[in-house]
Amino acid sequence: NAGVTQTPKFQVLKTGQSMTLQCAQDMNHEYMSWYRQDPGMGLRLIHYSVGAGITDQGEVPNGYNVSRSTTEDFPLRLLSAAPSQTSVYFCASSYSQFYEQYFGPGTRLTVT
Amino acid sequence: DAKTTQPPSMDCAEGRAANLPCNHSTISGNEYVYWYRQIHSQGPQYIIHGLKNNETNEMASLIITEDRKSSTLILPHATLRDTAVYYCIVRVAFRNTPLVFGKGTRLSVIA
């Protein structure tokens, strides 16, 4: 199993650009989520999904969109990048919200 | 979900036991205690979780007080590779609520 994979590992965007951060898991997990982590801070939840076709907002959803068309993939879209979205983004998955979550290696995004 | 309080940082000598405390005085009867850690800039890693009984696995032990208002994560023989930020999280099982990470405890294992 590859576990949770994220692409790209690093990305630099200009203000106003859009992009999609990819997240995929091969463990047949129903639950997937996106977090961001700013320097010296804990992780904050952006969006999550309890299964294909079902998504919900987390603590900091503004400026981000998600969809879940398959069990395996949970992409995060930045609609119009802003410097405040400079952060490290982690994707996670688990069998359900009760079980341990597996995190990906992260995507380091810089918006200039 | 109940809030947790952890010390911002701790040191531990290599080879000694690391005891990381967590206060969760407002925990309710159906809330579990979870521990994760984050090594440098990697994604967080699950360590252990429990409800009221003490738990042990290959990584650590979790000791929960009888009144469940606090808990301690024990790394029995800390190594330099255990240097990380450790997060104590309280959440309800079997409900669609995600993990909420605080700032955690930065554990430094010293040679």
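Keep in mind it's a predicted model, so treat the numbers as computed, not measured. The analysis underlying the following values was restricted to heavy atoms, covering all of them including side chains, and did not include hydrogens, waters or symmetry mates. Per chain, numbering begins at 1; letters A, B, ... match sequence-line order.
Residue contact with chain B, scored on non-hydrogen atoms closer than 4.5 Å, is absent for A/Tyr102. For a residue to count as touching a neighbouring chain, one of its non-hydrogen atoms must lie under 4.5 Å from one of that chain's; by this rule A/Gln37 touches chain B with the side chain only. Proximity to chain B (any heavy atom under 4.5 Å) is restricted, for A/Leu45, to the side chain, taken from C-beta onward.
Aromatic ring orientation, B/Tyr36 versus A/Phe103: perpendicular (interplanar angle above 60°, classes split at 30° and 60°). Between B/His49 and B/Tyr34, the ring-plane angle classifies as parallel under the 30° and 60° cut-offs.
Donor-acceptor pairing under 3.5 Å is lacking for the side chains of A/Arg44 and A/Ser87.
Considering only heavy atoms from C-beta on, A/Val4 stays 4.5 Å or farther from A/Phe90 through its side chain.
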